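Reading through the structure tokens given below for one structure.
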Protein chains: 2
Amino acid sequence: MGERVLPRAERRRRTEEKILDAARSLFGELGYERATIRGVARRAEVDPALVMQYFGSKQELFQRSVRMAPAPDGELGPDEVVEHVLGSLGMKLELPEGSLAMLRSMLTHPEAAESARQMLGGQIGRLAEALPGEDARLRATLMTLTLLGITVGHQLLEMEELRGVRQEELARLLRPSLRALTGQDVP
Amino acid sequence: MGERVLPRAERRRRTEEKILDAARSLFGELGYERATIRGVARRAEVDPALVMQYFGSKQELFQRSVRMAPAPDGELGPDEVVEHVLGSLGMKLELPEGSLAMLRSMLTHPEAAESARQMLGGQIGRLAEALPGEDARLRATLMTLTLLGITVGHQLLEMEELRGVRQEELARLLRPSLRALTGQDVP
DNA sequence: CTTTTCGCTCAACGTTCGTTGACTCAACGA
DNA sequence: TCGTTGAGTCAACGAACGTTGAGCGAAAAG
């Protein structure tokens with residue numbers, strides 16, 4: 001029947017990706033502690049020992065599941081940066097599964113917390129460059145954490161108040177609020 | 001020496017409180033999964049079996065550790081509500097240990113997530129009553145999640161950008177941003 | 001065809017955890 | 001004073017976990 005025979009290299013690649021997909025989704029649903037190697041293996045339709053053989057340890061599997069390409073950055077003005085941030089961190093429904101796994105675990109798994117700090121720090125740094133004023137970095141932090149809070153409430157806590165709310169609606173309500181954090185006062 | 005003899009009732013009360021304190025701090029540091037009954041018992045200088053005898057299960061111990069008196073609410077105007085929210089959720093360094101334990105676990109422990117939704121829902125409801133307009137509840141949600149994000153970054157992720165920043169400084173930067181979410185437009 | 005490689009499975013080990021039941025001993029009530 | 005209560009301890013259970021090593025069978029190499 002439909003079972004094709006694959007060369008070894010290709011077969012290995014597919015199995016590894018199948019495990020990584022299962023790991024990303026399970027870590028994203030349950031967090032680092034509750035997600036088990038056995039559970040990942042079951043979801044990937046594979047033996048638990050194979051997961052160990054491929055990734056060495058649960059810790060390394062998690063790291064591989066979470067690693068992502070860093071966002072490309074370009075020079076922006078203080079106004080464009082608001083639009084950029086509105087379209088970037090989390091608001092979009094297409095938040096990659098790897099990020100979800102990292103966010104889910106960041107409060108209870110020290111290594112995930114470090115990854116989160118790095119990712120947020122990157123975002124903050126890029127934002128701060130585009131903002132004027134003395135406390136640009138502090139304001140960039142507050143903007144980033146604002147988006148983090150909404151992402152947490154929406155994607156992880158699944159608050160009913162945000163269920164089915166369109167992205168543009170959120171952007172419309174949030175835009176004045178974020179502009180107020182840019183520091184280019186118009187009082 | 002300093003070891004006084006206590007009546008049974010009083011002794012029980014003190015031991016129970018000692019265990020609860022240990023549980024709150026350990027749940028707050030590690031989250032539900034990583035914090036163990038044995039660890040709580042060690043911190044409370046007590047036998048693990050005693051913790052079970054007092055609270056029945058780890059789950060019930062967590063619930064008791066997290067339960068808090070709901071914040072008192074009063075009628076507020078749309079302006080006062082901003083000041084109220086600035087002084088309430090998390091910004092203050094005195095965030096009670098029970099809340100910390102709940103927030104730490106909310107992304108990975110389903111029951112903690114439910115408690116968090118309830119607490120945030122309460123805050124949102126109180127806020128929404130004070131806000132004008134059609135989408136008052138949605139804007140109240142965004143205000144609440146903004147504060148949640150900053151609390152998470154500050155108290156749980158311990159982002160260095162917020163280390164040692166004074167509460168009034170945060171309030172000053174955040175005030176215009178939160179006002180922009182009240183909905184009383186002045187464009 | 002023979003030998004080697006390697007993807008994969010199976011069965012098990014050791015540890016840690018939540019939880020339990022039997023026990024000890026000092027405080028209490030009659 | 002004597003029997004009862006109840007706070008606290010001790011040792012152990014069963015389950016689940018991460019992890020390991022031996023082995024099977026098919027693909028690759030010769």
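Sequence lines set the chain letters: A, B, ... in the order given, protein chains first and strands last, and positions in each chain run from 1. Everything numeric in this text was worked out from a predicted model, so none of it was measured.
Atom CD in A:Glu45 sits roughly 15 Å away from atom C1' in C:dC8 (whole-Å rounding). Between A:Phe55 atom CZ and C:dC8 atom C1' there is a gap of 15 Å when expressed in whole angstrom units. The distance between atom CD of B:Glu16 and atom P of D:dA7, rounded to the nearest whole Å, is 10 Å. Atom-to-atom, CD1 of A:Ile19 to C1' of C:dT9 comes out at 13 Å; the value is rounded to the nearest Å. Rounded to an integer number of Å, the gap from B:Arg14 CZ to D:dG6 P is 21 Å. Taking atom CG of residue A:Leu50 and atom P of nucleotide D:dT19, one finds them 15 Å apart after rounding to whole Å.
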Which nucleotides of nucleotides 23-28 of chain C have their base under 4.0 Å from a protein heavy atom (B), which only their sugar-phosphate (S), and which neither (-), written as one string 5' to 3'? ---BBS
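Regarding contacts with the backbone of D:dG6, every side-chain N or O of B:Arg11 stays at 4.0 angstrom or more from both OP1 and OP2. Residue A:Tyr54 places at least one side-chain N or O closer than 4.0 Å to OP1 or OP2 of C:dC8. Contact annotation: B:Thr15 side-chain N/O to D:dG8 OP1/OP2 distance is under 4.0 Å.
In this structure, A:Phe27 and A:Tyr32 have parallel ring planes: the angle between them is below the 30° cut-off, well short of the 60° mark.
Without hydrogens or angle criteria, B:Arg43 side chain to B:Ala22 main chain gives no donor-acceptor distance under 3.5 Å.
Distance check, rounded to the nearest 0.5 Å: CD of A:Glu114 to CE of A:Met102 gives 10.5 Å.
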Apply the test salt bridge (charged side-chain N to carboxylate O under 4.0 Å, His left out) to residues A:Arg163 and A:Glu160: give CA-CA distance (whole Å), side-chain angles for both, the deciding distance (0.1 Å), then the verdict. CA-CA 5 Å; A:Arg163 188 165 300 162; A:Glu160 56 176 354; 5.8 Å; no
Given the rule in the side chain to side chain donor-acceptor pair (under 3.5 Å) test, do A:Thr182 and A:Arg139 qualify, once you have shown the distances and angles that lead to the verdict? CA-CA 7 Å; A:Thr182 56; A:Arg139 292 199 310 276; over 6 Å; no
Taking only N/O atoms, report every protein-nucleotides 17-20 of chain C pair under 3.5 Å with atom names and distance.
from, atom 1, to, atom 2, distance (Å)
C:dG18, OP1, B:Ile37, N, 3.3
C:dG18, OP1, B:Lys58, NZ, 3.1
C:dG18, OP2, B:Ile37, N, 3.0
C:dG18, N7, B:Arg38, NH1, 2.5
C:dG18, O6, B:Arg38, NH2, 3.2
C:dT19, OP2, B:Lys58, N, 2.8

Tabulate below the donor-acceptor pairs under 3.5 Å that side-chain atoms of residues 46-56 of chain A make, not counting sequence neighbours, or state none.
from, atom 1, to, atom 2, distance (Å)
A:Asp47, OD1, A:Ala49, N, 2.8

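B:Glu10 and B:Arg14 are joined by a salt bridge, as a carboxylate oxygen and a charged side-chain nitrogen come within less than 4.0 angstrom of each other.
Side-chain atoms of B:Arg34 and A:Thr108 form no donor-acceptor pair, as typed in the model, at a separation below 3.5 Å. B:His109 and B:Gln59 share a donor-acceptor pair across their side chains, judged by distance under 3.5 Å alone.
Across every strand in view, C:dA30 sits in a pair with D:dT1 that passes the Watson-Crick or G-U test at under 3.5 angstrom.
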